[in-house]
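One structure is given here, and the rest of the page talks about it.
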Amino acid sequence: MIGVIARKELLELWRDGRFRVVALVLLALLVAAELLGWRNYVDLSRQAQQASHDERERWLSQGNKYPHAAAHYGVFAFKAPRPLSILDSGIQPYVGTSVWLEAHKQNEMLYRPAEDATALQRFGDLNAAGVGQVLLPLLIIFMAFPAFAGEREEGTLKQLVLLGLSPYQLLLGKAAGQAAALSIVLVPAFLLTLTLVGVLAPAGTLADELIRALGFAVVYAVYFGGFLFFTLAVSARCSSSKAALLIALAFWALAVLVLPRFLLDSARMLYPTQPALELKHALNERLAETAAEKLAASEAALLKEYGVTRKEDLPIPFEGLALQSDEEAKYALFEQHYGTFFDAVRRQDFLFQLGTLIAPTTGLQLLSMALTGSDIEHHRDFVLQGEANRRVIHTMINEFMVKHSARNADGEWEVEAGRELWERIPPFEYRPPGWRFVLPTYWPSLGLLVLWAASMLGYAVFAVGRLWTRRADQ
Amino acid sequence: MSIATAVALEWSRLRRDAVVWTAIAVLTVALAYGLGNGYAWQRFQREAIAQAATLEQATIAAARSEAQRLDRLAGQEIDPFSDPRHALGFESEYLQQYDCLQPTPLAMMAVGQSDLLPYCVRVTTGPWPSFVASYEWENPLRLLLGRFDCAFVVIYLLPLLILAISFNVLSRERELGTLPLLFSYPVTPRRWLAVGLGLRAALLIGVTIAVALAGLWWTGADPTGAPSLLRFGLWAAAVGAYALFWFGLAWWVNARRKSSAVNALTLAGAWLLLVILAPALLNAGVKQVYPLPSRVAFINALRNATAESEKEGSGLLKKYMQDHPELAPGDPAQAADDYVRVLLAVNAQTERVLAPSQQRFQQQIDRQQRLIDRLSVVSPAILVQQAGNAVSGTDQRRHLRFLESVARHRLEVKAFFDPKFVADDRFDAYDGIPKFRPDDVPLPDVARTVLSAVILLCLLTALCVVMGWRALRRPLFEP
């Protein structure tokens, strides 16, 4: 019987010209968004690859020089997108695309693409995730709002009750029919995604990308399911289809538009960040103090160890040791400086995640970005890997200075490095984390999204059950 | 029936309409929250700008004090890179000048682009573009979603509330069976619908302007000062025209005599198309038509240019010297002069090589903006966003103009310091460093931007009204 009801629902929807037009438009939007995402991915990947290659060439061909001069020349690390960013570019336009790995400093990421965009950017990008988060729930509402209220208005609900149909059969039948109609839009789009990911993903990460794509499909399916059962429940509870439509639209506006911004702005009030200018000034002051203290301490320790009174009399090259000691002294300061900001953001985002129970779009947005590798945690991972590489570069250079410095005829320490050292220093190669990386941060979103969808299912069962009780009483 | 009687009759119905009062309550709360949020951001910026000014003064005071201390150590060898009596030392250790863009009195009305683009840029005389990021540290997710500010309430929520209270002005009467009774009075459908929607428009627009005005007063921004009053008047005109467009659309849809559910679906679809889809599609289109050059490719070109220029010069010893002057061979002062000369040449060459790339960015951004200006009529939301940002001084045009002034100021500071870097004269012209003169968008230009948006919105509204007027020629029901 459920199958019969589902087929009837699907047929009714299909016969409705408005549904066919809207479904076709949404499918076209999804396909267009994916193709734009694909083109963007190809461009960004090629640029990052080319720039990384050129940067390495410049590094290798810088010629013989004082090693610390090379340390200041540094290396640029370029961030390449992940294949699934064709679905959701997430925060990528709002964080930098490259970082300069130079001596003494952990620099900020540079050039946020959104800074080069016009004010229209604030209306959002056209991407598949946006279509899924904002527009598809509306399609669900438009499909499902008359499901029960319409039967009541047309007087057919009583007939269904008298047929001896169980309320749950009717609910599941209608839900299955609506889901089948929705799949007309979703299945082709998902197949296109799998094809593009299969083509774009490097062999080493293909399995991981496919697992992520599957996870992406599952969380969106849970979200759509929640919206579907919510709309069916409202349709069953309302006396008219007009009222059902208005209530469902009001919930959509709250969940999709209002609450995400409200929650994040409120989280910012609870966990504020200080002005960048103030943070940077405080860091620079502490860096200067720490560097001076550390330099003095290193010098004093070495003078004592070698029993001399001037650093010029040390039997070892002081500069390399001092530079390395300076680097190491600053590690903790940079970790604290950037860590404080990232931790504040993590706390803000955690509060945002908790909002999933009332506004499921919040949790979905985070999960979607995380699964496509376009969230703040993946960005932070890039920053940390870049910093790890910076430390390796400068440790190797400083160690080279200590090991290879020699006194010249005037008694001054001298050292020069060349291609042999530049080649030994490893290039920056970002290793993207696997799909499990998503879980420790976003389990509340996942759990609450499933809980919300289950609650909507429960609500629908309750609402349709009540419909039967009311009819039976009459 | 006279208009006054119709208004009195409709008002007596509206007074008991829970939907209308709920919409007004939601609008008031949302506007208050949005204004509070905008004010918090404006205060945050003001505090940061004040800190920048304090820092600048403090470092100059520190330079004077250090100069006096060093004067007392006559005869000792002093590192020129940390000596404030030398232009090199002052620039590298004590020049903490920030060029800042002050928020306008109405900045709290729209955060606009101000949370994304830099509002305080440190002046540097080194290579341009500098690798020192100037943007504010903000949760990128917040930048992606946008803020819950007054502009958000106006652009997104106000139309939804308008639609919620006006989608069934006529269809409700038909569905309740009271339509024939209503028109047994001597009133035409056009007049009745105009009175019904007009009253609702007056209520919602009035509440919006009143709450905004109260918010400005409460936060201490006096909107009665001449420039603020003009800005506020422009803002009110833009918001009023935007709201009237949505009431005009509701007039047209009501006049089509469909059911309430169909009206609601039609208006919701129009909102979706005009507020969500059209701007996103235009954004995607503009990027495809006038794509910006890649920033990654730009950095690549910059690194190439620097590497080439430095190969022509004497390498990267300047950075080495700045950080470790004690390691430089020979006379530090003479060595510094030599390196600085080389460095100035290298920087000039790098800037020359990069100038065409910089120009390409600017040209493409200008082209994108011109295309948006031409096509903004496709979405009233874009028109009101541009008008609101312009009035609040948080638009891209003002920020780009600010960044141009920053670039000019940098050149002035550079021209001031460059000759002094290689001169051995004592440097004490701390007060002579060129000051920043921000080049703001003149108020008449702001007014022009806003008024052109208002005119376009009025034309769109007129179109809706005419379409509705024509649809109402047919009788609403068969007697």
Side-chain angles (χ1 to χ4, degrees), chain A residues 36 47-48 50-51 54-55 58 65-66 68-69 72-73 76 78 91 94-95 97-98 100 104 107-108 110-116 118-126 134 138 142 241-242 245-246 249 253 257 260-262 264-265 268 273 275-279 281 319 341 345 348-349 376, chain B residues 37 44 47-48 51-52 55 112-113 116-117 120 131 133 135-137 139-148 152 156 160 260-261 264-265 268 272 276 279-284 286 292 294-297 299-300 303 307 315-317 319-320 323 327 365 368-369 372 382 385-386 389 395-396:
Chain A
L36 279 178
Q47 287 157 10
Q50 181 66 48
D54 291 355
E55 186 70 6
R58 281 189 291 268
K65 59 171 66 162
Y66 184 64
H68 193 59
H72 273 291
Y73 180 67
F76 261 83
F78 297 96
I91 61 156
Y94 300 93
V95 290
T97 48
S98 49
W100 188 19
H104 308 298
N107 286 308
E108 284 175 65
L110 289 167
Y111 291 126
R112 303 181 299 178
E115 280 184 53
D116 288 328
T118 64
L120 278 188
Q121 180 70 30
R122 307 318 282 274
F123 281 101
D125 268 320
L126 177 67
V134 178
L138 273 181
F142 293 153
S241 50
K242 180 191 81 182
L245 175 63
L246 287 181
L249 282 179
L257 271 186
R261 289 182 191 231
F262 171 78
L264 204 53
D265 281 348
R268 169 70 170 68
T273 48
L277 188 140
E278 187 180 321
L279 290 170
H281 178 67
E319 284 72 33
F341 172 72
V345 169
Q348 290 174 11
D349 288 355
I376 187 79
Chain B
N37 227 346
F44 181 90
E47 283 170 9
Q51 275 174 1
L55 208 58
Q113 295 291 82
L116 189 60
L117 299 171
C120 262
F131 287 148
Y135 52 79
E136 189 52 81
W137 283 17
N139 184 344
L141 181 59
R142 202 161 172 239
L143 295 175
L144 169 69
L145 295 181
R147 300 203 185 200
F148 195 124
F152 165 69
Y156 290 90
L160 283 178
S260 295
L265 275 176
L272 194 67
I276 305 282
L281 290 172
L282 186 56
N283 185 27
V286 161
L292 284 180
S294 151
R295 282 291 183 190
V296 168
I299 293 180
N300 204 16
R303 293 285 279 175
L316 284 154
L317 286 167
K319 281 174 188 160
Y320 159 63
D323 280 9
L327 303 181
I365 289 174
Q368 287 189 348
Q369 193 55 54
I372 292 168
I382 298 175
Q385 185 218 34
Q386 293 198 331
N389 287 355
D395 55 325
Q396 193 178 35

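All values below come from the heavy atoms of this structure, side chains included, with hydrogens, waters and symmetry mates left out.
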(request) Name the member of A:S241, A:A253, A:A114, A:S98 that forms the most heavy-atom pairs with chain B at distances under 4.5 Å. (result) A:A114

(request) Identify the two heavy atoms, one from A:A119 and one from B:Q396, that lie closest to each other, and give their separation to 0.1 Å. (result) N-OE1, 4.1 Å

(message) Quick check on the interface: out of B:I365, B:I276, B:I372, B:L160, who has the most heavy-atom pairs with chain A under 4.5 Å?
(response) B:I372

(request) Sort out for me which of B:A280, B:P279, B:A297 touches chain A most, counting heavy-atom pairs under 4.5 Å. (result) B:P279

(message) Counting heavy-atom pairs under 4.5 Å with chain A, which one of B:Q368, B:Q369, B:R147 comes out on top?
(response) B:R147

(message) Only pairs of heavy atoms separated by less than 4.5 Å count here; which of A:D116, A:L126, A:D349 has the most with chain B?
(response) A:D116

(message) Using heavy-atom distances under 4.5 Å, tell me whether A:F78 contacts chain B through its side chain, its backbone, both, or neither.
(response) side chain

(request) Compare every heavy atom of A:L138 with every heavy atom of B:L272, then report the nearest pair and how far apart it is. (result) CD1-CD1, 3.2 Å

(request) Considering only NZ, NE, NH1 and NH2 on the basic side and carboxylate oxygens on the acidic side, decide whether B:R142 and A:D265 come within less than 4.0 Å. (result) yes

(request) For chain B, find which of A:L245, A:T118, A:L249 contributes the most heavy-atom pairs closer than 4.5 angstrom. (result) A:T118

(message) Looking at every non-hydrogen atom in both residues, tell me the closest pair between B:P140 and A:I376 and how far apart they are.
(response) CG-CD1, 3.5 Å

(request) With a 4.5 angstrom heavy-atom cut-off, could you sort out which part of B:L265 is near chain A: side chain, backbone, both or neither? (result) both

(request) Determine whether A:D125 and B:N283 make a side-chain contact, defined as any pair of heavy atoms from C-beta on separated by less than 4.5 Å. (result) yes

(request) Specify which of A:I91, A:V345, A:L277 makes the most heavy-atom pairs with chain B at under 4.5 Å. (result) A:L277

(request) Counting only heavy atoms closer than 4.5 Å, note whether B:L116 contacts chain A via side chain, backbone, both or neither. (result) both

(request) Examine whether an atom of B:A52 lies under 4.5 Å from a heavy atom of chain A, and if so say whether it belongs to the side chain, the backbone or both; otherwise answer neither. (result) both

(request) Please flag which part of B:L145 lies under 4.5 Å from any non-hydrogen atom of chain A: side chain, backbone, both or neither. (result) both

(message) Would you compute the distance between atom CG of A:L264 and atom CZ of B:F148 and round it to the nearest 0.5 angstrom?
(response) 12.5 Å

(request) Measure distances from A:L246 to the heavy atoms of chain B and classify the residue's part below 4.5 Å as side chain, backbone, both or neither. (result) side chain

(request) State whether A:D54 and B:R303 are salt-bridged, where the test is any N-O pair (Lys NZ or Arg NE/NH1/NH2 against Asp/Glu carboxylate O) under 4.0 Å. (result) no

(message) Just verifying a value: how many Å separate A:Q47 CD and B:I299 CD1, rounded to the nearest 0.5 Å?
(response) 11.0 Å

(request) Select, from A:R58, A:K242, A:Q121, the one with the greatest count of heavy-atom pairs under 4.5 Å involving chain B. (result) A:R58

(request) Rounded to the nearest 0.5 Å, what's the gap from OH on A:Y94 to CG on B:N139? Could you check? (result) 12.5 Å

(request) Examine whether an atom of B:Q385 lies under 4.5 Å from a heavy atom of chain A, and if so say whether it belongs to the side chain, the backbone or both; otherwise answer neither. (result) side chain

(message) Please classify the contact of B:A48 with chain A as side chain, backbone, both or neither, using a heavy-atom distance under 4.5 Å.
(response) both

(message) What verdict does the side-chain contact (heavy atoms from CB on, under 4.5 Å) test give for A:R122 and B:Q113, after you've listed the backbone C-alpha separation in whole Å, the side-chain angles of each residue and the deciding distance to 0.1 Å?
(response) CA-CA 8 Å; A:R122 307 318 282 274; B:Q113 295 291 82; 3.2 Å; yes

(request) Report the distance from atom CD of A:Q50 to atom CG of B:N300, rounding to the nearest 0.5 Å. (result) 6.5 Å

(request) Select, from A:F262, A:F341, A:F123, the one with the greatest count of heavy-atom pairs under 4.5 Å involving chain B. (result) A:F123

(message) Could you measure the distance from the CD atom of B:E136 to the OG1 atom of A:T273? Nearest 0.5 Å is fine.
(response) 7.0 Å

(request) Look up atom CG in B:L141 and atom CZ in A:R268, then write down how far apart they are to the nearest 0.5 Å. (result) 13.5 Å

